[in-house]
Amino acid sequence: MAMPDPAPRRLPLRRMPATTWARQRPTWREASPARIDGALGRALARPSGNWYVLAASAEVRGDRPFGRLVAGTEVVAWRGAGGELHAAPGACPHMGAPLCRGAVDAGRLVCRWHGLALSGDGFPGWSPFPVHDDGVLAWVRLDRVGGEEPLPLPVLPERPALAPAIAAVESLAGRCEPEDVVANRLDPWHGSWFHPYSFVGLKVTEVPEGPDPDPDRMVVEVAFKVAGRWGVPVRAAFSCPEPRTVVMHIIEGEGAGSVVETHATPLGTDRYGVPRTAVIEAVVATSPRVGFALARRAAPAVRPLMRMAARRLWRDDLAYAERRYQQRTAKPAD
Ligand code: FES
Ligand SMILES: [Fe+2]
């Protein structure tokens, strides 16, 4: 007699068919550059309302300022006395000192050079930028560099409720533009080939068709590798709510409802004129599984592991994005 399915408590591991890396099914025929470029073009045409992900929410603190160049604009961020997020131009309005090297005292940003104390209300010649704290990420709106019609809030992907979830944010930077980061994510076909340490048996089961697909998403079936041939199978959908964000929603399998948001923030150009882009990736993980409730209590220990997994993938994906940038900007050979 069949036993009732104890699935929610059982480890959702699946043994994958034995295969060697070079003998997997090639995906290059389906990974059509025209298809990837079509999805990228539609993503780039969506409004961002001039919002940029600045950092993880937790990186902007009440005891010291946070500084970052965003699209060539020096931004300083800090938290006010009530914990509210502020961001403003990074140069002091007095004589231009770097405010990210200053201090935060009772919610005010204090300049290191001559002690000018600045609040979120601004100062002549120094106007704070609109900001949004979504609980996981801190956003800043830069209308001058964005050049789009401003939106009151960033275009946020759907996320699981934060209270029963674990959130982790990882950032890395590479020599490319945001579109290269987005294009990498819109090529799910590279998964098991380029990241064999993480993915097994990746299959793309749904691709957007036609000039105006609805929903505009790609669906993959893949197993996240745990050890050897053992993996955790999931179905995941990739979509772009705005031009610098790619979201992966786990729609079936372990962690259904969890999201991985990849945000690409342009930083500026280096002294050789090469653009630099930060990849800020937020994982908001959820699961009804008993083990997950325990893991959530152990969240401080789990977070670095989640970050490490992302970092390994991202080192490779950044190499892909940087290569894509080089290829598309290289001068044609004589
Ligand atoms: S430069 Fe900041 S107070 Fe003078
Ligand atoms: Fe990848």
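In terms of the side chain to side chain donor-acceptor pair (under 3.5 Å) criterion, Trp51 has no residue partners (sequence neighbours excluded). A search for salt bridge (charged side-chain N to carboxylate O under 4.0 Å, His left out) contacts involving Arg101 returns nothing, not counting sequence neighbours. For the side chain to side chain donor-acceptor pair (under 3.5 Å) test, residues two or more places apart in sequence or in another chain that qualify with Arg25 are Glu30. Remark: Arg46 engages Arg42, Ala43, Asp216, Cys240, Pro243 in a side-chain contact (heavy atoms from CB on, under 4.5 Å) (not counting sequence neighbours). Residues passing the side chain to side chain donor-acceptor pair (under 3.5 Å) test with Ser192, sequence neighbours excluded: none. With sequence neighbours excluded, the residues satisfying side-chain contact (heavy atoms from CB on, under 4.5 Å) with Ala173 are Leu267, Arg276. With sequence neighbours left out, Glu206 forms a side chain to side chain donor-acceptor pair (under 3.5 Å) with Arg217. Contacts of Trp28 classified as ring pair (Phe, Tyr, Trp, His ring centres under 6.0 Å), with partners at least two apart in sequence or in another chain: none. Contacts of Arg244 classified as salt bridge (charged side-chain N to carboxylate O under 4.0 Å, His left out), with partners at least two apart in sequence or in another chain: none. Remark: Tyr320 engages His190 in a ring pair (Phe, Tyr, Trp, His ring centres under 6.0 Å) (not counting sequence neighbours).
Residues Val259 and Glu158 have side chains not in contact (no heavy-atom distance under 4.5 Å, counting atoms from C-beta outward). Two residues are said to be in side-chain contact when any heavy atoms from C-beta on lie closer than 4.5 Å; Tyr52 and Trp139 fail this criterion. Using a 4.5 Å cut-off on side-chain heavy atoms (C-beta onward), Trp189 and Arg35 make contact. In this structure, the side chains of His263 and Thr245 come closer than 4.5 Å at one or more pairs of heavy atoms.
In the hydrophobic clustering of ILVMFWY residues, with side-chain heavy atoms under 4.5 Å counting as a link, Ile250 and Val283 come out together. Both Val182 and Ile36 sit in one connected hydrophobic cluster of ILVMFWY residues. Membership requires side-chain heavy atoms under 4.5 Å apart, directly or through other members.
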Assess the residue pair Thr262 and Glu281 against the criterion (side chain to side chain donor-acceptor pair (under 3.5 Å)); give the C-alpha distance rounded to whole Å, side-chain angles, the decisive distance to 0.1 Å, and a yes or no.
CA-CA 4 Å; Thr262 305; Glu281 190 164 86; 2.8 Å; yes

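Every pair passing side chain to side chain donor-acceptor pair (under 3.5 Å) that includes a residue from residues 106-131 is listed here, sequence neighbours excluded: His94-His114. Among pairs with a residue in residues 255-269, those fulfilling salt bridge (charged side-chain N to carboxylate O under 4.0 Å, His left out) read Arg159-Glu261, at least two apart in sequence or across chains.
In this structure, the side chain of Glu322 does not engage the main chain of Ala319 through any donor-acceptor pair within 3.5 Å.
When every heavy atom of Leu116 is checked against every heavy atom of Cys92, the shortest pair comes out as CD2-SG, 4.0 Å. Nearest heavy atom pair, residue Leu153 against residue His132, reads CD2-ND1, 3.4 Å. Pro188 and Met218 make their closest contact through CD-SD, 3.5 Å (heavy atoms, listed as atom of the first residue, atom of the second, distance).
Salt bridge annotation for Asp37-Arg328: absent, with no cationic side-chain nitrogen under 4.0 angstrom from a carboxylate oxygen.
The environment of CG in Asp212 is sparse: at most 12 heavy-atom neighbours from other residues, nucleotides or ligands sit within 6.0 Å.
Distance check: Glu148 CD to Asp143 CG gives 9.5 Å after rounding to the nearest 0.5 Å.
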